[in-house]
Structures are given as structure tokens and as C-alpha cells.
K.L.:
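I have a structure I would like to understand better, so I am pasting it below and will then ask my questions one at a time.
Naming convention: chains lettered A, B, ... in sequence-line order (proteins, then strands); numbering from 1 in each chain.
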Number of protein chains: 2
Amino acid sequence: MAKTDNVLALSPTPLYSQIREILRQRILDGTYQPHQQMPSESELIKAFSVSRITVRQALGDLQRAGLVFKIHGKGTYVSKPKAFQNIGQLQGFGEAMSRMGYETFSQVVSIKTLAAGKTVGAKLQVKEREQITELRRLRYLNRAPISLDVTYVPKAIGERLAKEDLEHRDIFLILENDYGLSLGQAEMQIEAMLADEPLARLLKVEEGSPVLRIERLTFTHDGQPLDYEHLYYRGDAFQYRLRIERGHL
Amino acid sequence: MAKTDNVLALSPTPLYSQIREILRQRILDGTYQPHQQMPSESELIKAFSVSRITVRQALGDLQRAGLVFKIHGKGTYVSKPKAFQNIGQLQGFGEAMSRMGYETFSQVVSIKTLAAGKTVGAKLQVKEREQITELRRLRYLNRAPISLDVTYVPKAIGERLAKEDLEHRDIFLILENDYGLSLGQAEMQIEAMLADEPLARLLKVEEGSPVLRIERLTFTHDGQPLDYEHLYYRGDAFQYRLRIERGHL
DNA sequence: CTCCATAACTTGTAATGACATGTCACAATT
DNA sequence: AATTGTGACATGTCATTACAAGTTATGGAG
């Protein structure tokens, strides 16, 4: 018999991900203290009655998530807790903020259907004359305006989005949960600029104030460009935070 | 006999990483075209005479690197080539720029040894009164000033660094290659601000110009904070680019 | 012709076994 | 006392086997 009977075995989620979550829990609740050694692979094998492959898959995920690190020949250790744990993953604005306990909502400024034009067309890979939807939203954090988001999506999606509750729901989550489009990756450019008059008025800052401008092109899992955004954040109220890894490939 | 004889077998690098690099090469040189299906796992097993575990490890690396994506039940596909491929990894400035064919050098403005103080001490996890090294450099891209870098490192490292060729070599690469410190991850915050007078003079821009301010704390592989930097980039000449993934954990 | 079961693929998960390699402590040797 | 093995234990790599689960084409039943 290949598969051993196991208390966890009848569950629908894979064994390694269950173990990963159990270990994650123990790290977060302090059962395994930062910078302390985790149980060795062979101990975990005995503890969970699984094979080494399964244990290694769980630990590998945790390592890639930045919760533990391994030293060849010594063991696996809990990372020091990081303020930014997990950031550096593609998240919508509300998604990221609500995770941190902030209250957000979005005010829809305008929804227009217009020709893609050269720039947007190139990004979304549609013809210049093809129609796309432009969605402008003002985003509020704790009731203060913090950013202007200009979103371009193909017309078909834009028309569906127009009927959604865009004030409270994240576009990313609508696309994924309601439309079944699985988002894969995004390319971003971040730069600094000065607020011109119309932008300053919307963000309730002085003209010439510093603004963080983020251009983001989001792709579906299979590489289709889906959502092209220009985000203008108040420089005095927002920092973009991320955690990055030094690659080992 | 467990291990099959294999043409690749006597090499010092692991099999899966050799196969990964071969496949990466074939993707980059167009042998496998974007959005086309890769050879299936069983075909790769036959082609390289290795086990499925090895093939999957190679493909998994490529997937995490964003070069391919998999669809359960269908196959593995080549991703569309991305302008930003691989960015989102921790790189030094020169490291990133020279990869793109730009010429850079750094002018050392000052090197001081001083007390850490509250902020820097907290980041580098040393006592407030402990001595650290502050290194100020003006970085040039194609002979135009593009950023001011203020770097804080523990005194012991700062004293060694002071003797290095900081004009042309990347600090990250010195730390890794010469000092054997393996860098793991970094936390960054990016914000927009206005150039004050001294900064404007250094960057040769007008006072009040937009500046991208990046605060970056870099850790060694085992989580020790090692290098705390404030980077001030000319807003008109620099965009921070990265590619991020939507997490699947 | 339509519908549906099925076979033949694909990738995903998991167990078991083996050997390689890095680390460290302790004992034996010099 | 300093050095050098050597063994115990950690993670790293790899092979083999088995079954689960998603996808697609095909062929037979209605």
C-alpha cells in the first residue's frame, strides 16, 4: 500500500498544505519562536506520519513565503517576524489595507467607453480603435482621499464591472471570484511626480505636492493582459511597501 | 542501483538546475515559442534520462521565475516574454543597470563613523550609542546624476568597505563575493517627496522637484539586518520597476 | 445527430528508499 | 594542547512507484 492511513487523509486539501498551515500557525502563535530551530524533517515525519517529500514541500513553501530559512547540514529556523511579511505579492489596494485593519472605500468618479488609443492598446494588446472601458475612482482610507485610480479594461469586462459594487469591492477579487479569471502576475513602474491642478483638487492637496505614480499592468494566469492601471497616491499619506528576495536561481 | 548513469551526472551542479538552465536557454532562444506547450514531463524524462522528481523541480523553478506556467491536466506552457522578466529580485543599483546595458559609477560624497541613533539603531538592531558607518554616494547613470544613496552599516563592515573600490563596485556584490555574507531579503518602502535645497543641488534639479525616496533594509540569509539605505532618485529620470506574482499559498 | 462514457493523455500528490553533502561534537591521535 | 578523524544528524538530490484529478478526443448508445 502506497498511501498510509492518516488522520488528515480524508480531507480535500493536500496533505502538505495542511501541514504547511499548521506549521504557519505555530510560528505565528509563538509555539516556534523566532530564530529558534524548527523540528527536523525526521521529527515532523514522525509527528504527522507522512513522508519526507510531504514535509519538505510544506517547509519549502514556508521558506519561499519567508517564514523560515534553512541551513544545509544544520536545520530549519524560524525567521524573525517581519513587518511586511507577505507583501510583494500582487494585491488590490483594499485587499492589502483591510488585511492591516484599515477601512477603505472607493468613490466612482467616471466610467467611460472609448477607443483604446496607442498606449493603452499596446498594453492591453487590442487595436488602437477598439473600444475599452476607462474607470476612474477616488480611493479613501479612513475617510481621507488617498489615491486616484484610473483603470483600463477591455470593454466586455468593463461593462460587467460597471454593474458591480465598485465602492466596496476590490476589482481583483471580482475578477477572480465572480468572473473566474485567475490573475497571475503584474508589471509595475513606480515614479515620483508633482500633482497638477485637477489631481491636486481630487486628492485635496496643494498643487505641486509630491505624488507617487504607479503604472500597473496585470496579467491573467496564462499571460493575457487584463487590467492596466494608473494609480496616483498622495505622497504625504502613502508608502508603497514590499519585501523582496535575493534570488537563488 | 538507484542513480542511473547520465551524461550530466558527473557535474558538480545538481541535475535539476542543469536541466532548468537548458530549458531556460531554449525558451530564451526561441526553441520553445511563447504560449506554446513545453514538452510534457514524461517526454522530458525520456529526453534527459532523469526521474520525474528532477524534471518537476526544474519546471517548478522556471514557473516560480515566471518563464512558464502550468495548467493541471493540460500541460506546461511558455510565458509571453516580459520586459521586466526577473525583476522583483533584490539587486543593487549597478547590478540592475549593467544588466540592461547602462554605464554607471558612484561618487563617494562622504564616509563618516557616528552613533547609530534611534532610527538607524532600531533598523540595524544595534544600541543607540553604538558606532555605525554612514556612506553617502552620488550615483551616475550615463554621466548624469540620478540618485543620492545614504547607506548605514555596522562599523566593522563600514571600515572594510571604506577600503574598497566603491566607485565601480556594487556594495551587494562586495558583501556577497568578498565578505561571504549571503543576502536573503529586503524590506522596502517607496514614497514620493520634494527635493529640498541640498538634495536638489546634488541631483542637479530644481528645488521642489519630485523625488522618489526608497528606504531599504537588507537582511542576511539568516535574518540579520546588515544594510540600511535611503535612496533618493530623480523623479524625472528614474522609474522603479518590478514584476510581482499573485500568491498561490 | 446528440449525448455521454471512456480511454489516453496531462499535471498534482504522496510514499519509500538511497546516497550526497554540510555541520558539529567528541574521541583518538599526534 | 592542538589537530585530526569519525560518527551522528541535519538538509539536498534523485530514482521509482502509485494513485488522484483535470482535460480532451473518440467512439458507441440513444
K.L.:
For the pair made of CD1 in Ile45(B) and P in dA18(D), what is the distance, rounded to whole Å?
P.N.:
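Atom CD1 in Ile45(B) sits about 15 Å away from atom P in dA18(D).
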K.L.:
Do the side chains of Glu187(A) and Arg216(A) get close enough for a salt bridge, i.e. N-O under 4.0 angstrom?
P.N.:
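Answer for the salt bridge query: no.
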K.L.:
Just the rounded figure in Å: distance from P of dC14(D) to CZ of Phe48(B).
P.N.:
13 Å
K.L.:
Indicate whether OP1 or OP2 belonging to dT16(D) is found under 4.0 Å from a side-chain N or O atom of Arg52(B).
P.N.:
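Checking dT16(D) against Arg52(B), no side-chain N or O comes under 4.0 Å of OP1 or OP2.
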K.L.:
Whole angstrom is fine here: how far is it from CG in Leu15(B) over to C1' in dA20(C)?
P.N.:
13 Å
K.L.:
If you compare every side-chain N and O of Ser40(A) against the phosphate oxygens of dC9(D) (OP1, OP2), does one of them come in below 4.0 Å?
P.N.:
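Looking at the OP1 and OP2 atoms of dC9(D), neither is under 4.0 Å from any side-chain N or O of Ser40(A).
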K.L.:
Rounded to the nearest Å, what distance is computed from the CD atom of residue Glu41(A) to the P atom of nucleotide dT13(D)?
P.N.:
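Interatomic distance, CD of Glu41(A) to P of dT13(D): 11 Å.
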K.L.:
Have Asp149(B) and Thr151(B) got a donor and an acceptor in their side chains that come within less than 3.5 Å?
P.N.:
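Their side chains do not contain a donor-acceptor pair, so the 3.5 Å distance test is not met.
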K.L.:
Any carboxylate oxygen within less than 4.0 angstrom of a Lys/Arg side-chain nitrogen, looking at Lys46(A) and Glu43(A)?
P.N.:
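No, Lys46(A) and Glu43(A) are not salt-bridged.
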K.L.:
Can any side-chain N or O of Gln33(B) pair as donor or acceptor with the backbone N or O of Gly30(B) at less than 3.5 Å?
P.N.:
yes
K.L.:
Run the salt-bridge test on Arg160(A) and Asp178(A) with the 4.0 Å N-O cut-off and return the result as yes or no.
P.N.:
no
K.L.:
Using a cut-off of strictly less than 4.0 Å, decide whether Thr54(A) has a side-chain nitrogen or oxygen near OP1 or OP2 of dA15(C).
P.N.:
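Result: yes.
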K.L.:
Under the 3.5 angstrom rule, does the side chain of Glu159(A) hit a backbone N or O of Thr113(A) as a donor-acceptor pair?
P.N.:
no
K.L.:
What is the distance, to the nearest angstrom, from the CG atom on Leu44(B) to the C1' atom on dC14(D)?
P.N.:
16 Å
K.L.:
Round to the nearest Å and state the distance from Phe69(B) atom CZ to dG12(C) atom P.
P.N.:
13 Å
K.L.:
Picking from Val153(A), Leu161(A), Ile157(A), Thr218(A), what satisfies side-chain contact (heavy atoms from CB on, under 4.5 Å) with Ile171(A)?
P.N.:
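Single pass found, and it is Leu161(A).
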K.L.:
Can you tell me if the side-chain N/O atoms of Ser51(B) get under 4.0 Å from OP1 or OP2 in dC14(D)?
P.N.:
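No, outside the criterion.
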K.L.:
Are OP1 or OP2 of dA10(D) and a side-chain N or O of Ser42(A) less than 4.0 angstrom apart?
P.N.:
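Yes, Ser42(A) has a side-chain N/O under 4.0 Å of OP1/OP2 on dA10(D).
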K.L.:
Measure CD1/Ile53(B) against P/dG17(C) and give the value in whole Å, please.
P.N.:
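Rounded to the whole Å, the gap is 14 Å.
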K.L.:
Does Thr76(B) place a side-chain N or O at less than 4.0 Å from the phosphate oxygens OP1/OP2 of dT11(C)?
P.N.:
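Thr76(B) to dT11(C) OP1/OP2: side-chain N or O found under 4.0 Å.
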K.L.:
Distances under 3.5 Å between protein N/O atoms and the N/O atoms of nucleotides 21-24 of chain C, please, pair by pair.
P.N.:
unit_1  : atom_1 : unit_2   : atom_2 : d
dT21(C) : O2     : His72(A) : NE2    : 2.9
dG22(C) : N2     : Gly73(A) : O      : 2.9
dC24(C) : OP1    : Lys74(A) : NZ     : 3.0

K.L.:
For the pair made of CD in Gln57(B) and P in dC14(D), what is the distance, rounded to whole Å?
P.N.:
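Nearest whole value for this atom pair: 7 Å.
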